Amino acid sequence: QLQLEESGGASVHPGGSLTLSCAVSGYSSDYYAIGWFRQAPGKEREGVACVNSQFSDNIALYGDPVKGRFTISRDNNKNTVYLQMDSLKPEDTAVYYCAARRAGYYYCAGFVTTIEDFDTWGQGTLVNVSS
């Protein structure tokens with residue numbers, strides 16, 4: 001059974017950086033498009049970043065609020081997907097989740113608007129950006 005577990009959430013000052021990790025177990029992460037999502041208090045869950053499966057083209061896509069500041073990457077040897085977050089802003093405060101798109105969906109296209117296609121989720125990790 002595929003399982004995901006996030007780690008790395010912390011409190012940081014505005015302008016700071018943080019790296020989140022998503023450890024994948026049960027199956028190789030190579031077969032899945034993996035996304036990062038976030039949910040702030042009182043707001044809907046939104047797509048942050050997504051990376052196509054290793055067996056497609058490994059291309060990454062980003063949500064508009066984080067373009068140019070966040071970077072998603074894979075370490076296939078560790079079966080882990082990372083989210084490097086730079087130039088953090090208070091509005092980045094949220095619980096961050098990683099999720100796998102359902103089997104056979106190798107690409108991230110439309111990940112921002114089709115969150116329901118992601119059917120395996122981690123428990124989340126809290127990122128708090130404040131001065």
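Everything numeric in this text was worked out from a predicted model, so none of it was measured.
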Q. Any donor and acceptor pair, going by atom type alone, linking the side chain of His13 with main-chain N or O of Ser130 inside 3.5 Å?
A. yes
Q.
Let me confirm one number: the OG1-CG distance from Thr80 to Leu20, rounded to the nearest 0.5 Å.
A. 12.5 Å
Q) What's the spacing between Thr71 OG1 and Tyr62 OH if we round to 0.5 Å? A) 4.5 Å
Q: With sequence neighbours excluded, give me every salt bridge (charged side-chain N to carboxylate O under 4.0 Å, His left out) pair touching residues 77-93.
A: Arg38-Asp92, Arg69-Asp92
Q: For residues Ser17 and Ser87, report the shortest heavy-atom separation together with the two atoms involved.
A: OG-N, 4.4 Å
Q: Quick one: do Leu18 and Phe70 satisfy side-chain contact (heavy atoms from CB on, under 4.5 Å)? Show the steps, please.
A: CA-CA 10 Å; Leu18 198 61; Phe70 290 12; over 6 Å; no
Q. CG/Leu126 to OG1/Thr93 distance, rounded to the nearest 0.5 angstrom?
A. 8.0 Å
Q. Any chain of hydrophobic side-chain contacts (each under 4.5 Å) joining Ile34 to Tyr31?
A. yes
Q) So which heavy atom on Asp30 is nearest to which on Ser53, and how close? A) O-CB, 3.3 Å
(Q) What's the separation between atom CG in Asn79 and atom CG in Leu4, rounded to the nearest 0.5 Å? (A) 9.0 Å
Q) Does some side-chain heavy atom of Met85 sit less than 4.5 Å from a side-chain heavy atom of Val48? A) no
Q) So, the side chain of Glu5 versus the backbone of Gln123: is there a donor-acceptor pair under 3.5 Å, distance only? A) no
Q: Calculate, to the nearest 0.5 Å, the distance between atoms CZ and CG belonging to Arg74 and Asn52 respectively.
A: 8.0 Å
Q.
Suppose we screen for salt bridge (charged side-chain N to carboxylate O under 4.0 Å, His left out). Which residues come up paired with Lys43, at least two apart in sequence or across chains?
A. none
**Q.** Which atom of Glu46 lies closest to which atom of Pro65, heavy atoms considered
**A.** OE1-CG, 4.4 Å
Q: Find out if a path of hydrophobic residues (ILVMFWY) with successive side-chain heavy-atom gaps under 4.5 Å connects Ile115 to Val51.
A: no
Q: Determine, using the 4.5 Å side-chain heavy-atom cutoff (strictly less than), whether Leu61 and Leu83 are members of one ILVMFWY cluster.
A: no
**Q.** Pairwise salt bridge (charged side-chain N to carboxylate O under 4.0 Å, His left out) hits with a residue in residues 115-131, at least two apart
**A.** Arg101-Asp117
Q | Qualifying salt bridge (charged side-chain N to carboxylate O under 4.0 Å, His left out) pairs, either residue in residues 11-27, two or more places apart | A | none
Q) Do the non-hydrogen side-chain atoms of Tyr27 and Tyr32 ever get within less than 4.5 Å of each other? A) yes
Q: Give, for atom CD of Gln1 and atom CD of Gln3, the distance between the pair rounded to the nearest 0.5 Å.
A: 5.5 Å
Q: If a pair satisfies ring-ring contact (aromatic ring centres under 6.0 Å, His included) and one of its residues is in residues 95-131, list it, with sequence neighbours excluded.
A: Phe37-Phe118, Phe37-Trp121
Q.
With disulfide (SG to SG under 2.5 Å) as the rule and sequence neighbours excluded, what pairs involving residues 65-131 come up?
A. Cys22-Cys98, Cys50-Cys108
